Colleague: 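Submitted below is the structure of interest, expressed as structure tokens.
What you see below is based on every heavy atom in this structure, not just the backbone, and it leaves out hydrogens, waters and symmetry mates. All values reported here derive from a predicted model rather than from experimental measurement.
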Amino acid sequence: MNILGYQFEPRLWSVILTLVAIAVFSNLGLWQLSRADEKQSQYDQLEQFAKQPAVLLPSTLVKLADFEYRDVEVQGEFVNEKTIYLDNKTYQGRAGYHIITPLRIANSSLHVAVNRGWVATGYDRSVLPPVKDIKGEVRITGTVVSPNIKTFELSDKQADKQVWNSLSLEKYQQALNLTLQPLLILQKSKEDDGLIKEWHKPESGASKNIGYAVQWFSLAATTIIIFIVLNVKRRNKEK
């Protein structure tokens with residue numbers, strides 16, 4: 001093919017290779033866009049739930065998907081002796097723990113894990129900061145999140161201690177020998193326990209996926225440009 005004094009004669013293998021690369025890069029870009037839409041939809045749902053009043057957490061087993069990100073209200077009694085300290089949690093740049101205590105749901109044999117808030121580690125990490133027990137029946141409100149918080153897997157030896165590096169519902173139930181609702185409540189209602197209950201709302205993360213999509217589409221466009229440049233030659237003037 002001759003165009004304005006240039007010859008365009010790509011080889012068959014280069015055409016096939018280029019088409020495959022363009023298809024792969026384009027599909028990856030479209031996949032990132034779909035992930036961005038999915039994350040944005042989840043974030044919009046979270047925003048919508050935040051504007052709704054708290055719902056009562058049933059005394060029977062529920063599904064996490066039915067309550068995740070919703071504000072719930074539950075009445076019961078804390079099992080203070082089963083409290084654990086979730087390590088590696090920071091607040092305003094300070095190291096500390098999240099205090100997680102199971103709550104026995106009123107008129108039920110079920111319990112629910114409650115993240116009661118943050119406390120600083122103190123100067124000596126070998127000494128756990130004291131946390132005030134909340135006794136008697138209480139009514140708390142909070143936001144439901146996934147009960148699995150993983151940084152790395154716990155060994156069985158670690159799970160027997162009061163300080164945990166990550167949280168797994170299955171291991172938590174085994175350690176406590178209790179039946180738990182499949183969720184974790186981030187407590188919002190105030191108690192006289194000295195714990196800080198300021199929970200940061202997660203961002204959607206959609207912009208990151210959009211950025212990745214732009215990169216993949218850019219690679220597809222670059223592939224086309226390279227293909228054209230490498231296969232276009234100036235026609236011999238003598239001919």
Side-chain angles (χ1 to χ4, degrees), residues 1-52 63-71 86-95 98 115 143-155 164-171 182-184 186 198-239:
M1 179 186 297
N2 295 325
I3 302 175
L4 300 177
Y6 289 89
Q7 292 179 329
F8 182 62
E9 297 178 353
R11 296 179 180 274
L12 179 60
W13 65 266
S14 67
V15 174
I16 295 175
L17 183 62
T18 301
L19 291 176
V20 169
I22 293 172
V24 170
F25 294 150
S26 298
N27 284 329
L28 287 172
L30 292 173
W31 177 71
Q32 288 292 347
L33 288 179
S34 67
R35 289 286 295 140
D37 289 339
E38 180 182 344
K39 289 183 177 180
Q40 189 60 48
S41 297
Q42 291 176 348
Y43 184 78
D44 292 341
Q45 188 179 46
L46 188 153
E47 289 282 285
Q48 182 179 0
F49 287 158
K51 299 175 183 178
Q52 298 177 356
K63 294 180 179 179
L64 173 63
D66 294 335
F67 288 87
E68 192 168 16
Y69 305 128
R70 288 181 179 271
D71 281 356
L86 191 60
D87 204 355
N88 301 317
K89 299 301 178 182
T90 60
Y91 174 75
Q92 295 183 351
R94 298 177 61 194
H98 279 178
N115 190 334
T143 304
V144 171
V145 295
S146 171
N148 296 310
I149 305 172
K150 295 184 178 181
T151 52
F152 54 86
E153 288 295 324
L154 287 172
S155 67
W164 290 44
N165 293 304
S166 58
L167 183 64
S168 163
L169 180 66
E170 181 180 357
K171 290 182 179 179
L183 49 85
L184 175 67
L186 303 180
E198 294 184 11
W199 310 111
H200 296 290
K201 190 189 307 181
E203 297 181 357
S204 68
S207 59
K208 183 181 294 185
N209 292 96
I210 293 175
Y212 290 150
V214 171
Q215 292 179 8
W216 287 120
F217 290 136
S218 297
L219 284 174
T222 302
T223 300
I224 295 174
I225 294 172
I226 292 175
F227 171 73
I228 294 174
V229 170
L230 293 180
N231 289 281
V232 171
K233 298 180 179 178
R234 189 170 182 81
R235 189 172 55 187
N236 193 321
K237 291 184 179 181
E238 294 182 357
K239 292 183 180 180

Colleague: When you compare the side chain of Ser146 with that of Glu68, does any pair of heavy atoms fall below 4.5 Å?
Modeller: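 Yes - at least one pair of side-chain heavy atoms lies under 4.5 Å apart.
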Colleague: Of all residues at least two apart in sequence or in a different chain, which pass the ring-ring contact (aromatic ring centres under 6.0 Å, His included) check with Trp199?
Modeller: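 In terms of ring-ring contact (aromatic ring centres under 6.0 Å, His included), with neighbours along the sequence ignored, Trp199 is linked to His98.
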Colleague: First locate atom CD of Gln32, then atom CD of Gln215, and finally report the distance between them rounded to the nearest 0.5 Å.
Modeller: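 Taking CD in Gln32 and CD in Gln215, the distance rounds to 9.0 Å.
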Colleague: Which heavy atom in Ala213 sits nearest to a heavy atom in Gly29, and how many Å separate them?
Modeller: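 What the structure gives for the nearest pair is CB-O, 3.4 Å.
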Colleague: If I take atom CG from residue Asn115 and atom NZ from residue Lys89, how far apart are they, to the nearest 0.5 angstrom?
Modeller: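 The NZ atom of Lys89 is 8.0 Å from CG of Asn115, to the nearest 0.5 Å.
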Colleague: With sequence neighbours excluded, what pairs up with Asp44 under the side-chain hydrogen bond (donor to acceptor under 3.5 Å, both in side chains) test?
Modeller: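 Expected list: Gln40.
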Colleague: If you round to the nearest 0.5 Å, how far is CG of Asn209 from CH2 of Trp31?
Modeller: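 Trp31 CH2 to Asn209 CG: 7.5 Å, rounded to 0.5 Å.
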Colleague: Evaluate the criterion side-chain contact (heavy atoms from CB on, under 4.5 Å) for residue pair Asn165 and Asn88; output intermediate values, then yes/no.
Modeller: CA-CA 7 Å; Asn165 293 304; Asn88 301 317; 3.9 Å; yes
Colleague: I'd like to check the salt bridge (Lys or Arg N to Asp or Glu O under 4.0 Å) partners of Asp87; sequence neighbours left out, ordered by chain and number.
Modeller: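 Residues passing salt bridge (Lys or Arg N to Asp or Glu O under 4.0 Å) with Asp87: Arg125.
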Colleague: If the condition is ring-ring contact (aromatic ring centres under 6.0 Å, His included), which residues does Phe217 pass it with, not counting sequence neighbours?
Modeller: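 Checked Phe217 against ring-ring contact (aromatic ring centres under 6.0 Å, His included); zero matches.
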Colleague: Are any non-hydrogen side-chain atoms of Ser14 and Phe227 less than 4.5 angstrom apart?
Modeller: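 Yes, side chains in contact.
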Colleague: Can you list the residues that meet the salt bridge (Lys or Arg N to Asp or Glu O under 4.0 Å) rule with Glu38, with sequence neighbours excluded?
Modeller: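 Partners of Glu38 by the salt bridge (Lys or Arg N to Asp or Glu O under 4.0 Å) criterion, ordered by chain and then number, come out as Arg35.
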Colleague: Side-chain contact test, heavy atoms from C-beta onward, threshold under 4.5 Å: evaluate it for Leu184 versus Val144 and give yes or no.
Modeller: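 SC-SC contact between Leu184 and Val144 ruled out.
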Colleague: With sequence neighbours left out, what residues match Leu17 under side-chain contact (heavy atoms from CB on, under 4.5 Å)?
Modeller: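 Leu17: side-chain contact (heavy atoms from CB on, under 4.5 Å) contacts with Trp13.
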Colleague: Any sub-3.5 Å donor-acceptor pair from Asn148's side-chain atoms to Leu169's backbone N or O?
Modeller: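 Such a contact is found between Asn148 side chain and Leu169 backbone.
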Colleague: At what distance, to the nearest 0.5 angstrom, does CG of Leu219 lie from CD1 of Ile22?
Modeller: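 Atom-to-atom, Leu219:CG and Ile22:CD1 are 11.5 Å apart.
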Colleague: As a test of understanding, state which of Thr223, Val229, Leu230, Ile224 forms a side-chain contact (heavy atoms from CB on, under 4.5 Å) with Ile226.
Modeller: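 It is Leu230; the other options fail the test.
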Colleague: Under the criterion side-chain contact (heavy atoms from CB on, under 4.5 Å), I'd like the reasoning laid out for Val145 against Leu183: C-alpha separation, chi angles, the key distance, then a yes or no.
Modeller: CA-CA 6 Å; Val145 295; Leu183 49 85; over 6 Å; no
Colleague: Rounded at 0.5 Å granularity, tell me how far OG in Ser34 sits from NZ in Lys39.
Modeller: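 Answer rounded to 0.5 Å: 10.5 Å.
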Colleague: Evaluate the side-chain contact (heavy atoms from CB on, under 4.5 Å) criterion for residues Arg70 and Thr143: first the C-alpha distance (whole Å), next the side-chain angles of each, then the deciding distance (0.1 Å), finally the verdict.
Modeller: CA-CA 6 Å; Arg70 288 181 179 271; Thr143 304; over 6 Å; no
